Undergrad: 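Provided herewith is a single structure, encoded as structure tokens, for subsequent inquiry.
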Amino acid sequence: MSKEWKQQQKERICHPQQLPQRFELTADEQAFFETAERTQSINFCVTHYYASLASETPPGKDEPPDPIRKQFIPTRHEFTSTPYESSDPLAEASYSPVARMIHRYTDRVLVLVTGRCGVYCRYCFRRYFTGDRNRFLDKAEIEGIVDYLGEHTEVREVILSGGDPLMEDNEAIEELLLQIKKARADIRFRLATRMIVVLPDRITNDLVVMLRRYAPLWVVTQFNHPYELTSRSREAVATLVDMGIPVLNQTVLLRDINDSAETLQVLFQALADARVKPYYLFQADVASGTAHFRVPLERGFALMRELRSNLSGIAVPRYAVDLPGGGGKRELTEESVRSRGEGWYELAGRDGNSYYYPDEPPTRTADGSPSSHNRESPQ
Ligand SMILES: *Cc1c(COP(=O)(O)O)cnc(C)c1O
Ligand code: SF4
């Protein structure tokens, strides 16, 4: 029997000095913490469970990168920003009519329930959230959101996001669901959480029984690699689905983590077997210090072609990107590319305007050799 989720949450590894006790770090990884100590601006945390999925020693010279390590152990590359990157890559601030809510698409709003996460994924811009953005919504913020929903009946769906809403206790989450439901009985909920993947014991019977009372409620999670589909995470999924809560998955396409057709096929087959519908495959956001994770669009298109020809329709996600500079979410096909220049793609936004996504030169590892991704030629 594993420890209660609360205890596991409390015992997360959040102090950089704890890491070397367990993991042998590379020079690039160590260099991150030396700089981070001076700047104090980037979040780092991992659950013991998720850390246990990673190898404790870095891969040898001819071994493939560890897809779990790369998702939670930072490297000095996070301090390398390119000019087109930003700490608000989706321009969310300009679509926020009330505090902690983003209303960008007509029929759905996104609520930033908390900035805290079980694991701070190294490719995510939310790892910059600190201080006030990290706490749970306060009473006035909940009121503001509820009032807005009362006035805006075009909104049919509320997405609870963050951060990870399941960092909060059941009571706090239920209070929010209840207040919204009282104002708008017709609202559909979507709960975005990575706890299934990083702290699967969070999906307790009590939680699911509570969530069921607020049906229709969909859960969206984020499996990025087949290694994450353990017996415990499968059990968490089964608890939800058996009790009638549909589960969708959003995978982020990440260099040297899952940017191979084979890896993605295994992942999406396994998800469909677990009764999780692969919903989106996201091109990574243009967040500061994440260039080393981005995969060229060209390669994404090639991967999608392979997936479509090899997998059942229910196992194939939609390839999409959140266009930098506030262009919104956009499905990616070869037709979405208007032109390609030196270092960028010109993409058509939903509004007909052009948005630019970087087409980056290969990154190099510390020893100057091209990273393993770039050794292969794109198919
Ligand atoms: C991603 C997102 C949504 C949901 O978009 P879907 O295509 O319905 O999954 C809603 N609001 C915001 C602000 C988003 O970023
Ligand atoms: S991807 Fe999700 S769980 Fe990971 S840091 Fe970002 S918001 Fe948190």
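Only a predicted model underlies this, so the values are computations on that prediction, with no experimental measurement involved. Just so you know, ligand 1 is whichever comes first in the structure, and atom 1 is the first atom listed for that ligand. If you read the sequence from its start, that first residue is 1, and numbering goes on from there.
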Undergrad: Could you tell me which atoms of ligand 1, counted from 1 in the order shown, lie closer than 4.0 angstrom to a heavy atom of I102?
TA: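 By the 4.0 Å cutoff, the relevant atoms are 13 (C).
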Undergrad: Compare all side-chain heavy atoms of V316 with those of F268 and state whether any distance is below 4.5 angstrom.
TA: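 Answer no - side chains too far apart.
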Undergrad: Does only the side chain of I159 get under 4.0 Å from ligand 1, or the backbone, or both, or neither? Count heavy atoms.
TA: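 The answer is the side chain.
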Undergrad: Heavy-atom distance under 4.5 Å between the side chains of R213 and K181, does that happen here?
TA: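 Not in contact.
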Undergrad: Just wondering, do R122 and H292 contact through their side chains at under 4.5 Å, heavy atoms?
TA: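 The answer is no; the side chains never approach within 4.5 Å.
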Undergrad: How about atom 8 (Fe) of ligand 2, which protein N, O or S atoms come within less than 2.8 Å?
TA: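 As for protein N, O or S atoms lying under 2.8 Å from atom 8 (Fe) of ligand 2, they are C117 SG.
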Undergrad: SG to SG, are C45 and C14 under 2.5 angstrom apart?
TA: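 Taking the criterion (SG atoms under 2.5 Å apart), C14 and C45 satisfy it, so yes.
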Undergrad: Return yes when R190 approaches ligand 1 closer than 4.0 angstrom through a heavy atom, no otherwise.
TA: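 Judged by the 4.0 Å heavy-atom criterion, R190 does count as contacting ligand 1.
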Undergrad: Answer with side chain, backbone, both or neither: which part of K329 has a heavy atom less than 4.0 angstrom from an atom of ligand 1?
TA: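 Within the 4.0 Å criterion, K329 contacts ligand 1 through side-chain atoms alone.
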Undergrad: Scan side-chain atoms only and decide if Q30 and E34 contain a donor-acceptor pair under the 3.5 Å cut-off.
TA: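 The answer is no; no qualifying pair exists.
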Undergrad: Using a 4.0 Å cutoff against the non-hydrogen atoms of Y279, which atoms of ligand 1 qualify?
TA: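 So the answer, numbered in order with elements, is 6 (P), 7 (O), 8 (O), 9 (O).
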Undergrad: Below 4.5 Å, heavy atoms only, C-beta onward: do P296 and R255 meet side chain to side chain?
TA: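 Contact flag for P296/R255 side chains = yes.
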Undergrad: Tell me which protein heavy atom sits closest to atom 2 (Fe) of ligand 2, plus the residue, atom name and distance to 0.1 Å.
TA: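 Sorting protein heavy atoms by distance from atom 2 (Fe) of ligand 2 puts Q222 NE2, 4.2 Å first.
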Undergrad: Taking the side chain as every heavy atom from C-beta outward, state whether S52 and R22 have any pair of such atoms under 4.5 Å apart.
TA: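 S52 reaches R22 side chain to side chain.
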Undergrad: Below 4.0 angstrom from a heavy atom of Y280, which ligand 1 atoms are there? Numbered from 1 as shown, please.
TA: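 This gives 6 (P), 7 (O), 9 (O) as the contact atoms.
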Undergrad: Mind checking whether Q250 has an N or O less than 3.5 Å away from an N or O of ligand 1?
TA: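 Looking only at distances, the answer is no, because the N/O contact criterion of under 3.5 Å is not met.
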Undergrad: For ligand 1, which part of M101 has a heavy atom less than 4.0 Å away: the side chain, the backbone, both, or neither?
TA: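 None of M101 does.
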Undergrad: Please determine whether a side-chain nitrogen of the Lys or Arg among R100 and D138 lies less than 4.0 Å from a carboxylate oxygen of the Asp or Glu.
TA: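 The answer is no: the pair does not qualify as a salt bridge.
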Undergrad: Between Q269 and L311, is any pair of side-chain heavy atoms under 4.5 Å apart?
TA: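 Yes, close enough: below the 4.5 Å cut-off.
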